[in-house]
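In what follows, a structure is listed as structure tokens, so that the remarks can point back to it.
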2 protein chains.
Amino acid sequence: MVQKRAAVLQVLQESEGHLQADEIYKRVKDYYPKMVLATVYNNLHALTESGHIRHIRTMSGADFYDKTPTPHEHALCTVCGKLIDADLCDFAEMLQKSTTLPIVSYDLILHTVCPDCNDKA
Amino acid sequence: MVQKRAAVLQVLQESEGHLQADEIYKRVKDYYPKMVLATVYNNLHALTESGHIRHIRTMSGADFYDKTPTPHEHALCTVCGKLIDADLCDFAEMLQKSTTLPIVSYDLILHTVCPDCNDKA
DNA sequence: CCCTCCTTTTAGAACTATTCTAAAAAGAGT
DNA sequence: ACTCTTTTTAGAATAGTTCTAAAAGGAGGG
């Protein structure tokens, strides 16, 4: 029984989808006030390793953890800083067609204004 | 006369195109052995600000400086770790067509095997 | 039960690339 | 030469993450 790992996973799964380590830490402390940040990192690594979640690093150095491990693209809101999903249809194929380099994988993050912030404007 | 800034720029311009700060520091010390790393960073910021060079951060956290400031895409070789240019034709338009989110800008880095490493294999 | 082994957790130190600070030095303009 | 601004320096500080070694916890066998 790996309670703390389960708690880390649960916090992420019950979230909006994309959280940073310190936010996960804050939320998981509601259940386990004594938990230490290193444990959160341990478990985030383990969960990433086992394919339950996905690790996303932005160019500005912010690390997010994504409750959806399957491949999809992301966008970062320039107004509120939230990371949201941005499913781009047939992006991988389109990308490979536009270059002769063999594409092993790619890191893409769009900078956008998310619908929430757009509505407020 | 801003000798050290010019030296930083020159080192980058005479390079293969994409260098990390510590590599620039090493090379520029051949001209100015007493230069300090903070000066390299100062000047890299200033040169980025003035549009002479471009700052590229990869998802793994490595910061590269690019002697070509005009927009173009990049690829990171999974074998040797070098950052190379990867011009993708009409990428920006293509990207905007595939989503309804307004694209302010984007960060894209392909992971590839560069021609050099491919030849060696 | 109890022993052993393996995994998880903890506390806190360490790390590393970058940034900050305050003072010294250098340059430019008058 | 004087003043003002920019550049450079040395070294401390920062921040997010990782490492370390020890302690705790849990699983399974005897």
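We use all heavy atoms of the structure for the numbers below, so side chains are in, but hydrogens, waters and symmetry mates are not.
- Two residues are said to be in side-chain contact when any heavy atoms from C-beta on lie closer than 4.5 Å; Leu19(A) and Arg27(A) meet this criterion.
- No more than 12 heavy atoms of other residues, nucleotides or ligands lie within 6.0 Å of NE2 in His52(A), so this atom counts as exposed by the packing criterion.
- Under the ring pair (Phe, Tyr, Trp, His ring centres under 6.0 Å) criterion, Tyr106(B) pairs with Phe91(B), not counting sequence neighbours.
- As rounded to whole Å, 10 Å separates atom P of dA26(C) from atom NZ of Lys34(B).
- Ring pair His55(B)/Tyr65(B) is parallel by interplanar angle, where below 30° counts as parallel and above 60° as perpendicular.
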What does nucleotides 13-24 of chain D look like as a protein-contact string, B for base, S for sugar-phosphate only, - for none, at under 4.0 angstrom between heavy atoms? ---SBBB-----

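- Contact annotation: Lys4(A) side-chain N/O to dG25(D) OP1/OP2 distance is not under 4.0 Å.
- In this structure, CD of Gln3(B) is placed 11 Å from P of dA26(C), rounded to the nearest angstrom.
- Computed from coordinates, the Tyr32(B) OH to dA25(C) P distance equals 18 Å when rounded to whole Å.
- Distance CZ (Arg5(B)) to C1' (dA26(C)): 13 Å, rounded to an integer number of Å.
- Per the geometry, NZ belonging to Lys29(A) stands 11 Å off P belonging to dT10(C), to the nearest Å.
- Going from atom CG of Asp107(A) over to atom CG of Asp107(B) covers 10.0 Å, rounded to the nearest 0.5 Å.
- Note: CG (Leu47(B)) to P (dT8(D)) measures 10 Å, nearest angstrom.
- In this structure Gln10(B) satisfies the side-chain hydrogen bond (donor to acceptor under 3.5 Å, both in side chains) test together with Glu14(B), sequence neighbours excluded.
- Atom CE of Met59(A) and atom P of dA17(C) are 19 Å apart (whole Å).
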